[in-house]
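What follows is a set of notes on a single structure, which appears directly below.
So you know, we letter chains A, B, ... as the sequences are listed, proteins then strands, and number each from 1. Side-chain atoms are counted along with the backbone in the values below, which use heavy atoms only and exclude waters and symmetry mates.
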Amino acid sequence: MTSKNEIARILHEIADLLELQDVAFKPRAYRAAARQVRTTSKGTDELDSLEVLTAMDGIGESIGKKILEIIETGSLDYLESLRKKVPGTMVELVKLNGVGPKTAIKLRRELGITSIDQLENAARDGKLRDLDGLGKKTEQNIIDAIDFFRAHQGRSITGHVMDVVTKLKENFSSIEGVDDVVIAGSYRRGRATVGDLDYVILSSNPAIVNESVINLNIVSKVRAAGKKKTSIIIEQGLQVDIRYFTLESYGAALLYFTGSKNHNVKLRKVAIDKGLKLNEFGLHDGETQERIAGRTEKEVYGALGMEWITPEIREDRGEVEAAMEGRLPELVTRENIKGMFHVHTSWSEGNDTIQEMAVACRDAGYEYVAICDHAGSLGIAGGLMDDEIRDQINKIHDVDTKLDGITLLTGIEANIDSEGHLDVQQEILDDLDVVVASIHTGFNQSREKITERILTAMANDAVTIIGHPTGRLLTKRDSYDIDLDKVFERAAGLGTWMELNAYPTRLDLSGSNCMKAKRAGCTIAIGSDAHDIAHLRYMTLGIKTARRGWLEPGNVANTKGVDELSL
DNA sequence: GCCGTTTTCGGCCCGACTGTTTTCAGTCG
Ligand SMILES: Nc1nc2c(ncn2[C@H]2C[C@H](O)[C@@H](COP(=O)(O)OP(=O)(O)OP(=O)(O)O)O2)c(=O)[nH]1
Ligand SMILES: [Mg+2]
Ligand SMILES: [Mg+2]
Ligand SMILES: [Zn+2]
């Protein structure tokens, strides 16, 4: 059976191909439908009737029937016919900065160009400058865009840019005439990866400030620089977008630049329905254009009839409706987090001793920490063999007795083998407080097989947490193929916790998967997976991800006190 | 292609910057 992700991928591809034929509005409709399919809490097997499908927002008769065809036959005639009309490589073209659907279509029509390689040859041969609407500058811009695309494509891991974000803020703040600097965009929303960094700068003299900004020595390229916004490239090809605003617009500006785009569009529709107009300068009367709100985000939301919405959930996934009806959830916060699961020490491949890790957790304000080093029977490098785990249990008890102010829990990160069994003696597992069971091998097994491995692992009473349940490594490796709906349902029944692994390259479960897990009735344990005390700070990413999944304190195991854990 | 407590047809968010153009299209945020 075709998975929801695969159906969504097909709908996306249709949108891309339609866009490259200059079809209006349909691409948006297909993308909206794809989003619905990807995020629905219904299982694929429930999507087998037109009634169910068309009941979903953004899915009508036409797309509904196409989804049915995909589910029933595994393919889609409409997609095949589109693929015949538009070469697949053409979607590369619009990934280039400055090249959109109109240009791509023109390039194909006038010069037969359908790939980046062909475009590069034509540009270097000076063939683009004579096209209607293009010129020498555009030709050079396209050459630059191709170079840039090849050198640095892709998004950045949020945990890896945290220091850059702080440094930039300091840089901008120290410029004469800058009154405030706020990081907005996907970073403020707490996404696991960011496409760029977006800053709102408060200033009554943007012209002078902008001059200083583009002359900072961190700037490697100025993409665009105008009176109200500027876009620069800094180290490693990271793009930084800046918008300048004044106080009366500051809230509306933050709202706009924090996004998401879908959230913005939804708010603007709400405004229209009320006879108003929302832009980044404020909320305005539709007729007189008089400003109604704009100084703070709260003021704008309020004037639209809503409570203030926390940035992490501004994704148009029901938060606008919830805010209008006054039923926004109270999301988990750092203050709610009492304990730390899943840290590594020098006993396996961590950098710090049990004692050092425990002290760092205590000083960070946690009441307990579960030491969960790698088990090694499956050949995991640096992992502990059974006798070493026994020794470590004694050591952990030892440190726990001697150290005040924090409780140490014994634990292990055991490996789920290709049959779903764990690579640690059952007797030991039964003794441990916290058993994290993770898949570290056999990623290429079938969806059925991998799902079955996890279900088998969960059937083991000793297992507390399923570690990084999808196995994704951000920007490196996709998740293995797994039926999460099934896993969540079983986990909810058994009381097994799902990990939200807070390590920057994982953040697994993702926010949207946390949301599904919550709806299924699961408890989520935020695991730091720290291999060094310096990694403990990444818990903030884990908490933001949990908030993105609409998790409330009651959904998160770490909010329990050590006596309430019932391990 | 989807949608509708003002609509079943006619909208679909709104604005800044660039490069090309003699008044604005295209792209991007
Ligand atoms: N109203 C409106 N706002 C937009 C649009 N595109 C972007 N924005 C706003 C919302 C975005 O969060 C914000 C920054 O744009 P970005 O392209 O940097 O997106 P964002 O940071 O959300 O994601 P990213 O990780 O950078 O890909 O600008 C748009 O088409 N319409
Ligand atoms: Mg951004
Ligand atoms: Mg941006
Ligand atoms: Zn692991």
Side-chain angles (χ1 to χ4, degrees), chain A residues 11 14-15 18-19 21-36 53-67 78 82 93-107 128-142 144-145 184-186 194-200 206 210 214 222-232 239-245 249 252-284 286 289 304 316 320:
Chain A
L11 296 175
I14 292 172
L18 287 172
E19 205 161 60
Q21 295 189 89
D22 207 18
V23 176
F25 301 110
K26 289 191 192 186
R28 174 191 308 189
Y30 277 95
R31 290 195 179 108
R35 224 165 94 89
Q36 283 301 316
L53 287 164
T54 54
M56 292 165 69
D57 228 27
I59 299 181
E61 176 112 357
S62 172
I63 295 182
K65 282 184 175 158
K66 291 184 174 73
I67 294 174
Y78 180 61
L82 283 175
L93 296 180
V94 294
K95 290 185 186 158
L96 297 171
N97 216 287
V99 179
K102 307 279 183 195
T103 309
I105 289 166
K106 184 182 291 173
L107 290 167
L128 302 187
R129 63 186 67 178
D130 300 328
L131 293 182
D132 255 9
L134 276 70
K136 282 181 92 164
K137 280 189 176 168
T138 305
E139 190 174 81
Q140 187 56 46
N141 285 344
I142 284 176
D144 293 347
S186 49
V194 292
D196 64 4
L197 299 177
D198 304 285
Y199 286 89
V200 174
N210 197 40
I214 61 183
V222 178
R223 293 180 66 235
K227 287 191 166 72
K228 301 181 176 182
K229 67 187 248 191
T230 247
S231 182
I232 58 179
Q239 179 175 323
V240 180
D241 292 335
I242 298 157
R243 285 212 55 168
Y244 305 102
F245 288 94
S249 298
L254 279 173
L255 197 51
Y256 154 72
F257 220 29
T258 298
S260 66
K261 175 188 171 183
N262 286 330
H263 182 79
N264 289 353
V265 170
K266 176 66 141 259
L267 290 184
R268 288 169 184 211
K269 281 181 184 158
V270 171
I272 292 170
D273 287 344
K274 292 179 182 292
L276 308 171
K277 183 181 74 172
L278 177 62
N279 60 23
E280 61 266 51
F281 302 106
L283 184 65
H284 310 266
Q289 300 299 316
L304 287 171
D316 188 22
V320 170

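Here Lys228(A) pairs with Arg243(A), Phe281(A) under the side-chain contact (heavy atoms from CB on, under 4.5 Å) rule; sequence neighbours left out. Contacts of Gln140(A) classified as side-chain contact (heavy atoms from CB on, under 4.5 Å), with partners at least two apart in sequence or in another chain: Ile143(A), Asp144(A).
Pair assignment for dC2(B): dG11(B), on the basis of Watson-Crick or G-U wobble contacts that are both within less than 3.5 Å.
Taking a 4.0 Å limit (strictly below) on heavy-atom distances, residues 130-139 of chain A reaches DNA chain B at Gly133(A), Leu134(A), Gly135(A), Lys136(A), Lys137(A), Thr138(A). Taking every heavy atom of residues 252-262 of chain A and every atom of DNA chain B, pairs under 4.0 Å involve Tyr256(A), Phe257(A), Lys261(A), by number. If you check residues 266-273 of chain A against DNA chain B, the residues with a heavy atom closer than 4.0 Å are Arg268(A), Lys269(A), Ile272(A), listed by number.
Within the 4.0 angstrom heavy-atom criterion, only backbone atoms of the sugar-phosphate kind lie near Leu96(A); the bases stay farther away. Pro27(A) comes within 4.0 angstrom of no nucleic acid atom, judged by non-hydrogen atoms across all strands. Within the 4.0 angstrom heavy-atom criterion, only backbone atoms of the sugar-phosphate kind lie near Asp241(A); the bases stay farther away. At a threshold of 4.0 angstrom between heavy atoms, the contacts of Lys26(A) include nucleobase atoms, whether or not backbone atoms are also involved. Using a 4.0 Å heavy-atom distance criterion, Lys66(A) is classed as a sugar-phosphate-only contact. Residue Ser231(A) is classed as having no contact, given no heavy-atom separation below 4.0 Å to the nucleic acid.
For Asp198(A) and dC28(B), the CG to P distance is 15 Å, given to the nearest whole Å. To the nearest angstrom, P of dT20(B) lies 12 Å from CD of Gln140(A). One can place CG of Leu53(A) at 11 Å from P of dC2(B), the figure rounded to the nearest angstrom. Rounded to a whole Å, the NZ atom of Lys277(A) is 13 Å from the P atom of dC12(B). Between the P atom of dA25(B) and the CD1 atom of Ile105(A) lies a distance of 16 Å, rounded to the nearest Å. The interatomic distance linking Lys274(A) (NZ) with dT6(B) (P) rounds to 11 Å, in whole Å. Residue Leu283(A) contributes atom CG, which lies 13 Å from atom C1' of dC13(B) at whole-angstrom precision. Atom-to-atom, CG of Asn141(A) to P of dC28(B) comes out at 12 Å; the value is rounded to the nearest Å.
Between Ala104(A) and Val99(A), the closest heavy-atom pair is N-CG1, 4.2 Å. Closest approach of Pro101(A) and Glu19(A) over heavy atoms only: CB-O, 3.6 Å. Taking every heavy atom of both residues into account, Ala184(A) and Thr258(A) meet most closely at CB-OG1, 3.7 Å.
Comparing the P positions of dG26(B) and dT22(B) gives a spacing of 15 Å, expressed to the nearest Å. Distance check on atom P: dT20(B) versus dC28(B) gives 15 Å, rounded to whole Å. Taking atom P in both dT8(B) and dC3(B), the straight-line distance is 16 Å, to the nearest Å. To the nearest whole angstrom, the two P atoms, one in dG1(B) and one in dT6(B), are 28 Å apart. Across dT5(B) and dG15(B), the matching C1' atoms stand 32 Å from one another, rounded to whole Å.
At dA16(B), one or more side-chain N or O atoms of Lys228(A) fall inside 4.0 Å of OP1 or OP2 (strictly under the cut-off). Between Asn264(A) and dC13(B) there is no side-chain N or O to OP1 or OP2 distance below 4.0 Å. Remark: Ser62(A) is in phosphate contact with dG1(B), judged by side-chain N or O atoms under 4.0 Å from OP1 or OP2.
When each of Lys227(A) and Gly100(A) is assigned the nucleotide of DNA chain B bearing its nearest heavy atom, the one mapping closer to the 5' terminus is Lys227(A).
The stacking criteria are not both satisfied for Phe25(A) over the base of dC2(B), which would need a centre-to-centre distance under 5.5 angstrom and an angle between ring planes under 30 degrees.
Lys137(A) NZ to Arg129(A) CZ: the interatomic distance, rounded to the nearest 0.5 Å, is 13.5 Å. Expressed to the nearest 0.5 Å, how far NZ of Lys269(A) lies from CG of Asn264(A) amounts to 12.0 Å. Once rounded to the nearest 0.5 Å, the distance linking CZ of Phe257(A) with CD1 of Ile242(A) reads 8.5 Å.
Closest approach to the Ala224(A) side chain among dT18(B), dC13(B), dA16(B) is made by dT18(B) (side chain taken as heavy atoms from C-beta onward). Residue Arg28(A) has its side chain nearest to dC13(B) when only dC2(B), dG15(B), dC13(B) are considered.
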Q: Would you check, one step at a time, whether the test side chain to side chain contact (heavy atoms under 4.5 Å, CB included) holds for Tyr256(A) with Asn279(A)?
A: CA-CA 7 Å; Tyr256(A) 154 72; Asn279(A) 60 23; over 6 Å; no
Q: Test side chain to side chain contact (heavy atoms under 4.5 Å, CB included) on Ile14(A) and Leu82(A) and set out the steps.
A: CA-CA 7 Å; Ile14(A) 292 172; Leu82(A) 283 175; 3.7 Å; yes
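The shortest distance between side-chain heavy atoms of Leu131(A) and Leu107(A) falls below 4.5 Å. The side-chain heavy atoms of Lys229(A) and Asp241(A), taken from C-beta on, include no pair separated by under 4.5 Å. Residues Gln21(A) and Lys26(A) have side chains not in contact (no heavy-atom distance under 4.5 Å, counting atoms from C-beta outward). Under the 4.5 Å side-chain criterion, counting only non-hydrogen atoms from C-beta, Ile67(A) is in contact with Leu11(A). Considering only heavy atoms from C-beta on, Val265(A) stays 4.5 Å or farther from Asp316(A) through its side chain.
Classified by its glycosidic torsion, dT7(B) falls in the syn category, the angle being within 90° of 0.
At most 12 heavy atoms of other shown residues, nucleotides or ligands fall within 6.0 angstrom of atom CG in Asp132(A).
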Check: protein-nucleotides 3-5 of chain B nitrogen or oxygen pairs below 3.5 Å:
residue : atom : partner  : partner atom : Å
dC3(B)  : OP1  : Gly58(A) : N            : 2.7

